[in-house]
Amino acid sequence: MNYPFWIVPHIGCGWVIGIIAIFHIMISHFAVGGGLYLPLAERKALREGRADWLETLRGHSKLFLVLTGVFGAVSGVGIWFAIGLAHPEATSTLIHNFVFAWAVEWVFFMVELSTGAVYYYTWGSL
């Protein structure tokens with residue numbers, strides 16, 4: 001089946017995909033680093049009795065939850081939307097060949113969101 005081409009003037013669809021992907025990867029690296037930083041910093045603050053650090057970390061955990069949950073998900077879907085517009089046949093091939101890997105990625109993303117929500121909403125009780 002022939003699909004219409006998505007033409008992006010001046011920069012091309014490849015650059016659009018790249019820009020969205022860079023944004024998405026920056027958020028995903030922040031999610032991995034923040035997922036390690038927050039509990040370690042909280043442990044250090046509890047050991048040293050720093051209540052000011054705990055309040056700051058609570059704010060950071062909310063930022064972490066919103067940033068990774070909202071912007072990570074939107075940019076991930078944005079990548080698939082952009083590649084679907086740029087080359088639908090290639091996107092179909094990617095989905096058919098890597099459906100299990102994509103499913104594993106989504107499982108890990110859901111686990112990340114769930115643990116981030118549990119971490120934030122049980123702040124102070126665990």
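This is a predicted model, so every value here is computed, not measured. Excluded from the calculations below are hydrogen atoms, water molecules and symmetry mates; all remaining heavy atoms, backbone and side chain alike, are included. We number each residue from 1, following the sequence as shown.
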Leu85 CG to His87 NE2 distance, which is reported to the nearest 0.5 Å: 12.5 Å
Min side-chain heavy-atom separation Arg43-Arg47 under 4.5 Å: yes
Heavy-atom pair with the smallest gap, counting every atom of Ile17 and Ala82: CG1-CB, 3.8 Å
Rounded distance (nearest 0.5 Å) linking atom CG of Asn97 with atom CD1 of Ile95: 10.5 Å
Least distance between heavy atoms, Gly34 atom then Pro39 atom: O-CD, 4.2 Å
Parallel, tilted or perpendicular, as decided by the 30° and 60° cut-offs, for the rings of Phe30 and Phe64: tilted
Over all atoms of both residues, closest heavy-atom pair of His24 and Ser75: ND1-OG, 2.7 Å
CG on Leu57 to NZ on Lys44, rounded to 0.5 Å: 11.5 Å
Heavy-atom side-chain proximity of Ile25 to Ser28 below 4.5 angstrom: yes
Aromatic plane relationship, Tyr37 with His60 - under 30° parallel, 30 to 60° tilted, over 60° perpendicular: perpendicular
Any Leu94 side-chain heavy atom under 4.5 Å of Ile83 side chain: yes
Hydrophobic cluster identity match, Met110 and Trp80, side-chain contacts under 4.5 Å: yes
Leu65 vs Tyr119, side chain to side chain contact (heavy atoms under 4.5 Å, CB included): CA-CA, chis, key distance, verdict: CA-CA 9 Å; Leu65 182 62; Tyr119 183 77; over 6 Å; no
Donor-acceptor contact below 3.5 Å, side chain His96 vs main chain Ser92: yes
Value rounded to 0.5 Å, distance of OG in Ser61 from CG in Leu54: 10.5 Å
Centroid-centroid under 6.0 Å between Tyr120 and Trp123 rings: no
Hydrophobic cluster membership, Leu67 vs Phe23, 4.5 Å side-chain cutoff: yes
Transitive ILVMFWY side-chain link Ile27 to Leu38, under 4.5 Å: yes
Joint cluster assignment, Phe98 & Trp106, ILVMFWY side-chain distance < 4.5 Å: yes
Nearest atoms (heavy-atom pairs only) where Ala31 meets Thr68: CB-CG2, 3.3 Å
For the student: nearest non-hydrogen atoms of Gly69 and Phe109, plus distance: O-CZ, 4.2 Å
ILVMFWY cluster, Val70 and Val118 together (side-chain gap under 4.5 Å): no
